[in-house]
Amino acid sequence: MLLITGSGALNLTPDDIRRLRYFVNHGGLIFSVAVDHSAVFTKSVESAVRAITRGRYRMQPIGPESGLRRVQFPLPPAVPLLGLSNGLR
């Protein structure tokens, strides 16, 4: 499991993308948290996801029906939560 947090744009090198792709393709799980709801950070994570997945998948909003919004404590709908799935897990 990898946690990436920040408020500025990610500056990932092609080698970083390659390593993250390997990590994810071998069962790794990446969580990211935008400090202060940073749109810059969120957009850069979305861009990294497109690079890691070679454009095959995009981040999607996780709706109120998802158990992910209630794991430890309920997240109100106003708290943005995005996820990515290839449909297998």
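Just so it is clear, the values below take in all heavy atoms, side chains as well, and ignore hydrogens, waters and symmetry mates. The structure presented is a predicted model; accordingly, all values stated were derived computationally and were not measured. Residue numbers start at 1 and run along the sequence shown.
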Enquirer: Could you report the tightest heavy-atom contact between Ala48 and Leu10, atom names first, then the distance?
Expert: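 Distance-wise, the nearest heavy atoms are CB-CD1, 4.4 Å.
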Enquirer: So how far is it from Ile30 CD1 to Leu84 CG, rounded to the nearest 0.5 Å?
Expert: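 One gets 9.0 Å once the value is rounded to the nearest 0.5 Å.
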Enquirer: Is Val40 reachable from Val35 through a run of I, L, V, M, F, W or Y residues, each pair having side-chain heavy atoms under 4.5 Å apart?
Expert: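 They do not share one cluster, since no chain of ILVMFWY contacts under 4.5 Å joins Val35 to Val40.
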Enquirer: Identify the heavy atoms of Val49 and Met59 that sit nearest to each other, and give their distance.
Expert: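 The pair with the smallest heavy-atom distance is CG2-SD, 3.7 Å.
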Enquirer: Hey, any chance Tyr22 and Leu20 share a hydrophobic cluster, counting ILVMFWY side chains that come within less than 4.5 Å of each other, even indirectly?
Expert: no
Enquirer: A quick test of your reading: do over 12 heavy atoms of other residues, nucleotides or ligands sit less than 6.0 Å from CG of Asp36?
Expert: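 No, CG of Asp36 has 12 or fewer neighbouring heavy atoms, counting only those of other groups under 6.0 Å.
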Enquirer: Is there a path of hydrophobic side-chain contacts, each under 4.5 Å between heavy atoms of I/L/V/M/F/W/Y residues, joining Val33 to Met1?
Expert: yes
Enquirer: Looking at Gly8 and Ser38, what are the two nearest heavy atoms and their distance?
Expert: N-OG, 4.5 Å
Enquirer: State, with a plain yes or no, whether a side-chain heavy atom of Leu82 is found less than 4.5 Å away from one of Val45.
Expert: no
Enquirer: Taking all non-hydrogen atoms of both residues, which atom of Phe41 and which atom of Ile4 are closest, and how far apart?
Expert: CZ-O, 3.7 Å
Enquirer: Can you tell me how far CZ of Arg58 sits from CD of Glu46, rounded to the nearest 0.5 angstrom?
Expert: 9.0 Å
Enquirer: Nearest 0.5 Å, what's the CD1-CG distance between Ile17 and Leu12?
Expert: 4.5 Å
Enquirer: Is Asp16 salt-bridged to Arg19, going by a charged N under 4.0 Å from an acidic O?
Expert: no
Enquirer: Do any N or O atoms from the side chain of Arg70 and from the backbone of Pro64 form a donor-acceptor pair under 3.5 angstrom?
Expert: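 Yes: the side chain of Arg70 pairs with the backbone of Pro64.
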Enquirer: Arg54 side chain to Arg50 main-chain N or O, any donor-acceptor pair under 3.5 Å?
Expert: no
Enquirer: Out of curiosity, Leu81 CG to Arg69 CZ, how far, rounded to the nearest 0.5 Å?
Expert: 5.0 Å
Enquirer: Of all heavy-atom pairs between Arg21 and Ile52, which one has the smallest distance, and what is that distance?
Expert: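 That would be NE-O, 2.8 Å.
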